[in-house]
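Note on naming: letters A, B, ... go to the chains in the order of the sequence lines (proteins, then strands), and numbering restarts at 1 for each one.
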2 protein chains.
Amino acid sequence: MTDRVGGVARRKRPTMRDVAREAGVALRTVSRVVNDDPTVGAHLVSRVQAAISALDYAPDERARQLRRGTSGTVGAAVRNLADAHPVLSAVDDASRARGLAVLAMSTEDDEAREREAVLSMCRRRVDGIVIEPIGLTHDYLAPEIAAGLPVVAVDRPCAGVSADAVLSDNAAGIGMAYRQLSVHGHRRIAYIGDDERIFTGRERAAAFRACVAASGGPLSGMVFPGVVTASRVSTALAAVLSGPAPATALITGNVATTIEALRYLGADAGRLAVVGFDDFPLADILRPALTVVAQNSAVIGRTAIDLLVARAADPSRPVQTVTVPVELIARGSGELPAPPA
Amino acid sequence: MTDRVGGVARRKRPTMRDVAREAGVALRTVSRVVNDDPTVGAHLVSRVQAAISALDYAPDERARQLRRGTSGTVGAAVRNLADAHPVLSAVDDASRARGLAVLAMSTEDDEAREREAVLSMCRRRVDGIVIEPIGLTHDYLAPEIAAGLPVVAVDRPCAGVSADAVLSDNAAGIGMAYRQLSVHGHRRIAYIGDDERIFTGRERAAAFRACVAASGGPLSGMVFPGVVTASRVSTALAAVLSGPAPATALITGNVATTIEALRYLGADAGRLAVVGFDDFPLADILRPALTVVAQNSAVIGRTAIDLLVARAADPSRPVQTVTVPVELIARGSGELPAPPA
DNA sequence: TGCTTCCGAGATAACGTTATCCCACGCTGA
DNA sequence: TCAGCGTGGGATAACGTTATCTCGGAAGCA
């Protein structure tokens with residue numbers, strides 16, 4: 001049983017049929033052995049297993065999935081594959097624990113690419129999708145959800161369709177950051193963060209404004225939401241640090257902003273108290289080590305898979321949004337005292 | 001056409017059959033339209049497309065793959081999904097450019113898990129596998145490779161089977177690091193790196209020893225290969241920095257070692273000149289900013305997919321190992337001058 | 001011994017596609 | 001007018017599994 005490809009004799013993959021012939025049993029019996037069906041006699045089992053290893057047979061997962069109607073795979077559409085992605089890792093772990101494989105695709109913060117990735121997952125008939133939504137609307141998912149596809153949004157909710165979601169407690173996190181800086185004597189605190197068209201950017205900026213209003217601090221010239229680019233962050237930071245009454249402390253709304261801010265501050269990092277939203281590896285070896293509001297990625301990933309499995313089991317359950325607590329990790333940069341007025 | 005699952009009426013997915021019925025054409029005609037077969041009349045095309053969007057039909061990729069015999073997917077078994085992984089990202093990009101999807105799985109540096117991941121990919125009949133090998137032997141891949149599965153090793157070669165490989169120029173990289181430190185006056189240079197049972201650990205340690213031998217520097221008590229743990233790195237570092245003639249410069253053999261070393265050094269980082277093997281995000285905002293030997297992840301990933309596709313096209317082509325150049329990025333830590341003797 | 005019962009194992013029909021045939025139709029040329 | 005031919009489109013058989021149905025035979029009981 002060989003096949004000529006490119007001029008080379010190359011063995012074709014053995015199928016269940018070949019195993020059956022080799023073992024001298026019926027096709028169905030091989031299937032039973034492969035699926036650990038207990039209704040097969042012991043001697044047949046060993047004969048079939050011998051044939052399997054003799055032929056290096058491995059069942060074709062596609063055919064199995066096609067026949068069974070389920071794929072045993074969850075899709076994960078995440079923003080980025082190149083950078084650290086603790087949530088994806090947690091999703092991977094939780095899925096494996098349940099015997100599910102993960103098909104991860106990167107959306108690169110691009111709406112079209114997100115759509116393409118998600119639809120490709122649907123064509124592969126994944127059993128569910130975990131998505132870190134980018135697009136402003138996900139109505140193209142509506143028919144899929146209606147057809148019973150479990151979809152769980154992570155970090156931000158899906159707009160335009162009703163899907164389960166796992167979010168961090170953004171407001172509480174900003175509150176913790178603000179309080180920490182206040183406790184250390186800061187009154188003039190600035191915020192630079194993500195674009196308010198993005199859900200998290202909106203929530204965090206709003207929470208920050210609420211904190212300032214509650215504490216009676218200055219608001220004007222202190223809040224800078226927008227697209228995260230090196231130039232915008234440095235412009236904002238320059239504005240915040242200049243003038244007659246410069247800020248003495250800074251809250252950054254996401255990792256990208258934090259890093260751009262630190263890059264801009266360079267050796268002067270110790271001049272400004274900083275609390276970053278979201279932790280990242282190496283935050284502890286910076287000088288001063290960075291105080292952060294850390295999201296609980298492990299819990300977020302695990303919860304996402306829990307919700308996904310629950311919905312697969314009962315598609316009629318009410319749509320649920322889970323808010324995961326965040327944690328302030330004090331490492332030094334947020335505990336720098338305010339200079340005496 | 002509804003199906004009762006968990007007490008809820010849930011629409012079954014439409015199949016090509018349903019589309020054909022809706023459009024009043026034969027099954028095969030729908031298939032032709034879906035695959036852009038030009039031999040279909042324009043009015044039939046539009047009728048079929050109308051039916052497709054009316055029913056929200058999406059072809060079942062599994063059935064298509066089963067029938068065609070090809071899956072349009074490459075598997076990527078990488079060490080880690082949680083941390084930054086620029087090679088995986090490059091593999092993803094290069095694959096997408098060729099119309100291939102990527103099934104990424106994490107091996108977590110565990111031999112059993114690697115094996116499980118790779119075999120799972122085989123069962124899914126991926127068209128090829130990119131692997132960052134962990135296990136000491138990959139003989140379990142031999143039958144797959146014999147059956148024509150293209151396998152490309154990345155970062156390290158596969159032991160036990162002959163597969164294409166894409167490696168960084170480890171020896172040249174260590175040479176660059178050593179030379180940079182020498183140029184800045186260092187004579188007592190230490191090396192801490194990965195276990196020599198690991199290919200890269202072995203190559204880099206060997207290259208380091210060769211550099212020392214060539215320059216006539218001291219070797220004893222200066223080379224510390226081993227498993228990367230916080231305690232081992234700090235023990236090694238303490239040894240290197242103590243005694244009558246402590247090292248004035250350090251080369252670290254991989255990112256994990258670099259980070260542990262910096263963590264141990266803490267505020268004293270400026271006391272020791274450091275060059276790290278492999279770059280990582282944020283290396284530039286450390287103080288002093290970290291000089292590194294950077295691997296060219298983009299080229300590595302792209303080359304891996306190139307090799308994979310080439311082998312798929314011609315399984316008889318000779319097995320090839322590509323060595324990708326590395327680059328020294330001077331940021332400060334490697335340019336600290338040696339203290340006067 | 002003869003009948004029922006039960007259990008292990010084989011034939012066969014799906015699952016949703018694509019590929020191979022094959023036919024019906026319209027056009028051309030004699 | 002009819003044979004010949006090209007072309008668009010339909011029936012049908014795979015692809016490699018699993019589920020349903022059926023059947024042969026061994027064991028249990030009177």
Looking only at side-chain atoms of [X], point me to the closest of [options].
X      : options                : result
A:D60  : C:dG10, D:dG9, D:dT17  : D:dT17
A:L27  : C:dG10, D:dG16, D:dT17 : D:dT17
A:M16  : D:dT18, C:dA11, C:dT17 : D:dT18
B:R68  : C:dT18, D:dG10, D:dG16 : C:dT18
A:R125 : C:dG10, C:dT17, D:dC15 : C:dT17

How many whole angstroms separate atom [atom1] of [X] from atom [atom2] of [N]?
X     : N      : atom1 : atom2 : value
B:L66 : D:dA13 : CG    : P     : 18 Å
B:R21 : C:dG16 : CZ    : P     : 12 Å
B:R17 : D:dA11 : CZ    : C1'   : 12 Å
A:Q65 : C:dG16 : CD    : P     : 14 Å
A:R13 : D:dT17 : CZ    : P     : 10 Å

[X] atom [atom1], over 12 foreign heavy atoms within 6.0 Å:
X      : atom1 : answer
A:R17  : CZ    : no
A:R197 : CZ    : no
A:R98  : CZ    : yes

Query raised in the report: Given the rule in the salt bridge (charged side-chain N to carboxylate O under 4.0 Å, His left out) test, do B:R113 and A:D92 qualify, once you have shown the distances and angles that lead to the verdict?
Result: CA-CA 13 Å; B:R113 197 148 153 182; A:D92 188 42; 3.8 Å; yes
Query raised in the report: Got a donor-acceptor pair under 3.5 Å from the side chain of B:R67 to the base of C:dT17?
Result: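 Looking at the base of C:dT17, it does not pair with any donor or acceptor on the side chain of B:R67 (distance under 3.5 Å).
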Requested in this report: For A:R28, answer base if it contacts any base atom (sugar-phosphate contacts may also be present), sugar-phosphate if it contacts only those atoms, and nothing otherwise; contact means non-hydrogen atoms under 4.0 Å.
Outcome: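 Base: the residue A:R28, judged by heavy atoms under 4.0 Å, touches a nucleobase.
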Query raised in the report: Does any donor atom in the side chain of B:S31 or B:R28 lie under 3.5 Å from an acceptor atom in the other side chain?
Result: yes
Query raised in the report: So, B:N80 and B:S106: side-chain donor and acceptor under 3.5 Å apart, yes or no?
Result: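 No.
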Query raised in the report: At what distance, to the nearest 0.5 angstrom, does CG of A:D127 lie from OG1 of A:T70?
Result: 3.5 Å
Requested in this report: Please list residues of residues 31-54 of chain A whose heavy atoms come under 4.0 Å from any atom in DNA chain D, ordered by number; otherwise none.
Outcome: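 Heavy-atom cutoff 4.0 Å gives A:S31, A:N35.
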